[in-house]
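Everything on this sheet refers to the single structure shown next.
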Amino acid sequence: MTEYSGSKDQQHPLYNRDRPSIDILLTQEATDYNLAELARLRIRYQGFPGARDIQQDLDKALQRWGLTESELFEKTQALHKIGGIYQSRGKKEEQDWN
């Protein structure tokens, strides 16, 4: 695999799908579901060379809820241990690895 060099930002393939979810996170409270979504999206965009607006908005949501990234991940790990954050939509249980 060729290493990407240069400073040109890339378009994330899931940008258009994720943008509405991030807009919702910026306006809602820190529910269990929203915490899980924020953690999932932070992991997805962590270190991605682009989607700077999304990365900044994820930081804003974290700050708005008064959490550090470590605290967010600690809370969401506990939530996932309990289970049920992402309810199945009539299909077999799935995980979002996109």
Side-chain angles (χ1 to χ4, degrees):
M1 208 161 140
T2 305
E3 184 176 320
Y4 180 78
S5 60
S7 61
K8 187 175 180 186
D9 281 350
Q10 298 177 25
Q11 174 73 29
H12 195 282
L14 297 174
Y15 181 95
N16 291 330
R17 182 174 115 181
D18 292 336
R19 182 76 250 179
S21 298
I22 293 162
D23 291 340
I24 289 169
L25 293 177
L26 290 170
T27 62
Q28 293 186 354
E29 297 304 313
T31 63
D32 289 351
Y33 179 81
N34 287 344
L35 289 169
E37 280 293 280
L38 180 58
R40 180 181 67 80
L41 290 165
R42 283 188 69 86
I43 291 168
R44 176 177 287 169
Y45 287 92
Q46 186 174 32
F48 182 76
R52 306 287 178 206
D53 62 319
I54 282 183
Q55 293 178 34
Q56 291 170 353
D57 285 346
L58 293 172
D59 288 341
K60 285 179 191 174
L62 196 63
Q63 291 171 353
R64 183 173 177 264
W65 296 339
L67 296 170
T68 65
E69 185 174 76
S70 296
E71 291 169 332
L72 172 68
F73 290 153
E74 186 178 312
K75 285 177 179 278
T76 55
Q77 285 173 351
L79 291 170
H80 284 296
K81 282 182 184 176
I82 295 168
I85 295 299
Y86 295 111
Q87 297 296 323
S88 177
R89 295 183 190 125
K91 299 184 254 178
K92 290 181 181 178
E93 191 169 321
E94 297 178 359
Q95 294 182 7
D96 182 2
W97 289 96
N98 293 324

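Side-chain atoms are counted along with the backbone in the values below, which use heavy atoms only and exclude waters and symmetry mates. Just so it is clear, the structure is predicted and the values come from calculations on it, not from any experiment.
Between Thr68 and Leu62, every side-chain heavy-atom pair lies at or beyond the 4.5 Å cut-off. Between Leu35 and Leu67 there is a side-chain heavy-atom pair separated by less than 4.5 Å.
Remark: Glu37 engages Arg40, Tyr86 in a side-chain hydrogen bond (donor to acceptor under 3.5 Å, both in side chains) (not counting sequence neighbours). Partners of Phe48 according to the ring pair (Phe, Tyr, Trp, His ring centres under 6.0 Å) rule, which considers only residues two or more places apart in sequence or in another chain, are His12. Take Thr31 and apply the side-chain contact (heavy atoms from CB on, under 4.5 Å) test, not counting sequence neighbours, and it matches Tyr33, Asn34.
Here the shortest heavy-atom pairing between Leu41 and Ser21 reads CD1-CB, 4.5 Å.
With values rounded to the nearest 0.5 angstrom, Ile22 atom CD1 is found 12.5 Å from Thr27 atom OG1. In this structure, CD in Gln28 is found 12.5 Å from CG in Leu38, a value given to the nearest 0.5 Å. How far CD of Gln77 is from CG of Leu79: 10.0 Å, rounded to the nearest 0.5 Å. Rounded to the nearest 0.5 Å, atoms NZ (Lys81) and OG1 (Thr76) are 11.0 Å apart.
Identified under the salt bridge (charged side-chain N to carboxylate O under 4.0 Å, His left out) test for residues 67-80, with sequence neighbours left out: Arg42-Glu69. For residues 18-32, every residue pair satisfying the salt bridge (charged side-chain N to carboxylate O under 4.0 Å, His left out) rule, not counting sequence neighbours, is listed here: Asp18-Arg44, Arg19-Asp23, Arg19-Asp53, Arg19-Asp57, Glu29-Arg64.
In terms of modelled atom types and a separation under 3.5 Å, the side chain of Gln55 and the main chain of Gly50 share a donor-acceptor contact.
In the hydrophobic clustering of this structure, Leu58 groups with Ile43; members are Ile, Leu, Val, Met, Phe, Trp, Tyr whose side-chain heavy atoms approach within less than 4.5 Å, directly or through other members.
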